[in-house]
Amino acid sequence: QVQLVESGGGSVQAGGSLRLSCVVTGYTFSNICVGWFRQAPGKEREGIANFYTGGGIPYYADSVKGRFTISQDNAKNTLYLQMSSLEPEDTAMYYCAARGNLFCSAARFLTPSLYMYWGQGTQVTVSS
């Protein structure tokens, strides 16, 4: 059974940093497509990044490019999202999702409907 569990959210002031974690089980972690998404109250779920754990370059949406960075730890089956220079507009529930043993690293993989498995989310609140 595939499971994703996010952690690391919290409250931070504008300009601060947070690191989110996503533990993935049930997949061979070394070759899966994982996406990061966020959803603010009253807004649609937004894809912000995707990454193929088997190698390649992460893809970032323009809204986070240059501020957010993905990394991985295969030994821990964990993907990280390092968020820096946070802004109040980054306030949202953040989710990681997996779409299988497939390659991804492009804008078209920011679409939530492409992902089959989702974590429960972790809240990030940025105050001004």
Side-chain angles (χ1 to χ4, degrees):
Q1 183 178 0
V2 178
Q3 289 188 323
L4 295 93
V5 179
E6 304 97 334
S7 62
S11 297
V12 64
Q13 290 192 328
S17 300
L18 283 173
R19 189 179 77 160
L20 306 184
S21 300
C22 173
V23 179
V24 183
T25 56
Y27 268 133
T28 302
F29 183 78
S30 59
N31 64 340
I32 58 172
C33 170
V34 180
W36 283 98
F37 298 82
R38 66 185 182 186
Q39 188 165 19
K43 294 189 176 182
E44 292 187 353
R45 190 164 295 188
E46 173 193 15
I48 57 174
N50 54 72
F51 179 58
Y52 175 63
T53 60
I57 300 172
Y59 183 87
Y60 301 98
D62 289 343
S63 58
V64 305
K65 193 177 299 181
R67 301 188 298 122
F68 291 10
T69 304
I70 289 177
S71 62
Q72 68 186 98
D73 185 335
N74 286 359
K76 297 181 178 179
N77 281 12
T78 301
L79 206 69
Y80 301 101
L81 183 68
Q82 177 68 47
M83 306 186 297
S84 304
S85 302
L86 284 163
E87 305 166 351
E89 293 74 23
D90 295 316
T91 295
M93 185 72 78
Y94 282 71
Y95 301 89
C96 61
R99 63 183 299 266
N101 299 112
L102 302 168
F103 179 81
C104 65
S105 179
R108 65 181 180 273
F109 298 113
L110 295 177
T111 303
S113 61
L114 293 177
Y115 293 78
M116 295 167 285
Y117 302 100
W118 292 81
Q120 82 289 350
T122 186
Q123 178 67 37
V124 171
T125 302
V126 184
S127 58
S128 57

Supply the atom-to-atom distance [X] [atom1] to [Y] [atom2], rounded to the nearest 0.5 angstrom.
X: L86; Y: S11; atom1: CG; atom2: OG; result: 11.5 Å
X: T69; Y: R19; atom1: OG1; atom2: CZ; result: 12.0 Å
X: S128; Y: E87; atom1: OG; atom2: CD; result: 11.5 Å
X: S21; Y: N77; atom1: OG; atom2: CG; result: 12.5 Å
X: Q3; Y: T25; atom1: CD; atom2: OG1; result: 5.0 Å

Can you name the nearest heavy-atom pair linking [X] to [Y], along with the distance?
X: Q120; Y: L4; result: OE1-O, 3.8 Å
X: M83; Y: V124; result: CE-CG2, 3.8 Å
X: M93; Y: Q123; result: SD-N, 3.5 Å
X: G8; Y: T122; result: N-OG1, 4.0 Å
X: S63; Y: I48; result: OG-CG2, 4.4 Å
X: S30; Y: N74; result: CB-ND2, 4.3 Å

Check: [Y] and [X] side chains under 4.5 Å, non-hydrogen atoms:
X: Q82; Y: S17; result: yes
X: F51; Y: L79; result: yes
X: V24; Y: T53; result: no
X: W118; Y: C96; result: no

Is there a chain of hydrophobic side chains (I, L, V, M, F, W, Y, each step under 4.5 Å between heavy atoms) that links [X] to [Y]?
X: V12; Y: V64; result: yes
X: I32; Y: Y117; result: yes
X: I70; Y: F29; result: yes
X: I57; Y: Y59; result: no

Between the side chain of [X] and the main-chain N/O of [Y], is any donor-acceptor distance below 3.5 Å?
X: N101; Y: N31; result: yes
X: E6; Y: G121; result: yes
X: N50; Y: P58; result: no

Not counting sequence neighbours, which residues clear salt bridge (charged side-chain N to carboxylate O under 4.0 Å, His left out) with E46? List them please.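 Per chain and number, E46 pairs via salt bridge (charged side-chain N to carboxylate O under 4.0 Å, His left out) with R38.
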
Does atom NZ of K65 have more than 12 heavy-atom neighbours from other groups under 6.0 Å away?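 Result for NZ/K65: enclosed.
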
Given the rule in the side chain to side chain contact (heavy atoms under 4.5 Å, CB included) test, do D90 and R67 qualify, once you have shown the distances and angles that lead to the verdict? CA-CA 11 Å; D90 295 316; R67 301 188 298 122; 2.7 Å; yes

Residue pairs, two or more places apart or on separate chains, that pass ring pair (Phe, Tyr, Trp, His ring centres under 6.0 Å) and touch residues 61-92: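 Every candidate ring pair (Phe, Tyr, Trp, His ring centres under 6.0 Å) pair involving residues 61-92 fails, so no pair, neighbours aside, qualifies.
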
Among pairs that include at least one residue of residues 81-105, which meet ring pair (Phe, Tyr, Trp, His ring centres under 6.0 Å), considering only residues two or more places apart or in two chains?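 Listed by first then second residue: Y52-F103.
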
Residue pair W36, L20: steps toward the side chain to side chain contact (heavy atoms under 4.5 Å, CB included) verdict: CA-CA 10 Å; W36 283 98; L20 306 184; 3.8 Å; yes

Applying ring-ring contact (aromatic ring centres under 6.0 Å, His included), run through Y115 and F37 and close with a yes or a no. CA-CA 11 Å; Y115 293 78; F37 298 82; 5.0 Å; yes

